[in-house]
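Starting from 1, each residue takes its place in the sequence as its number. Counting convention: from 1, in listed order, for ligands and their atoms alike.
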Amino acid sequence: MHSFIYGPVASWRLGRSLGVDLLSTQGKTCNFDCVYCQLGSTANPFAERREFIPITELTRELESAKGVAADFVTFSGMGEPTLASNLGQAIESARSILHLPVAVLTNSSLTSMEEVRDDLAKADVVVAKMDAHNQETFEQVNRPTIDLLFSDILEGLEVFRARFKGKLCLQIMFIEMNKNSATDISKVAKSLLPDEIQLNTPLRPCAVKPLSPSQMSSVKTQFGELGNVITVYQASRPAVTPLNSNETLRRRPNLRC
Ligand code: SF4
């Protein structure tokens, strides 16, 4: 029975994505409470990193998933994966056992911490959230549950960009609340020299409405005609067969990410 590993799910960014949830808590464990979060309200507003799943238990599950048809192992799940203090070790275990590239979906909140940047640097792909261009929009959209400064997050991402040899993607969720800030957000995003910019809008069931395809096209024009900008409406998704439907549906209600 898999309880930390879920999917593979059909990811518009990563193909067949085998999820690893290093938190695996009953409710959402996060230091944000984004207005568009599909996991509901933040049940566990953790401020400190800690171990949630021992590596020995994770290793056992990874061994049982050997041979799965997937393109990526992706650290994501019931909250923010960098809150797990053994993330770096878990990334190395996943890569060595499954022989697949490893991605981490992070909300970027802890990139000002060197130990978090060290862990993230072990991944092949880091998909970092950036939904705002200033503290006011950051607080409105991401609703941090602890004292966090947008300027610290930005600085952390800049330091990480300078050292990271893998692929850095910025994921930007657009909703009514921040769509008029697209130009300002694009300037911040481009300053980080990402390898890819992923423009998203919440298509999974949540508390806010997604932008329409034409609104997202308009947002995309603010990011210029660079070849490295992709949008959720234009992406295709592969067919997938999850290892365990219950554990997958708990984290990804429509088998997509
Ligand atoms: S960072 Fe992710 S898990 Fe946390 S509240 Fe935002 S969308 Fe949900």
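- Among protein heavy atoms, the minimum distance from atom 4 (Fe) of ligand 1 is reached at Cys30 SG, 2.4 Å.
- Residue contacts with ligand 1, taken as heavy atom pairs separated by less than 4.0 Å, involve Asp33 solely via the backbone atoms N, CA, C and O.
- Defined by atom type and a distance below 3.5 Å, a donor-acceptor pair is missing between the side-chain atoms of Asp184 and Asn134.
- Taking 4.0 Å as the cut-off, Arg143 does not count as a neighbour of ligand 1 on heavy-atom distance.
- Using a 4.0 Å cut-off to heavy atoms of Asn107, the atoms of ligand 1 that qualify are 1 (S).
- Salt bridge annotation for Arg49-Asp119: present, with a cationic side-chain nitrogen under 4.0 angstrom from a carboxylate oxygen.
- Under 3.5 Å, the side chains of Asp33 and Thr42 contain a donor-acceptor pair of N or O atoms.
- Val219 and Leu203 fall within a single hydrophobic cluster, where Ile, Leu, Val, Met, Phe, Trp and Tyr side chains are chained together by heavy-atom contacts under 4.5 Å.
- Here Cys37 meets the criterion, with an N, O or S atom under 2.8 Å of atom 8 (Fe) of ligand 1.
- The closest approach between any non-hydrogen atom of Glu80 and ligand 1 is not below 4.0 Å.
- Within the coordination shell of atom 6 (Fe) of ligand 1, defined by N, O or S atoms under 2.8 Å, Cys34 is present.
- Glu80 and Thr106 are linked by a side-chain donor-acceptor pair at a separation below 3.5 angstrom, with hydrogens and angles left out of the test.
- Contact annotation for Lys129 and ligand 1: only side-chain heavy atoms (C-beta onward) come within less than 4.0 Å of the ligand.
- With no hydrogens or angles considered, a side-chain donor-acceptor pair links Thr231 and Gln234 at under 3.5 Å.
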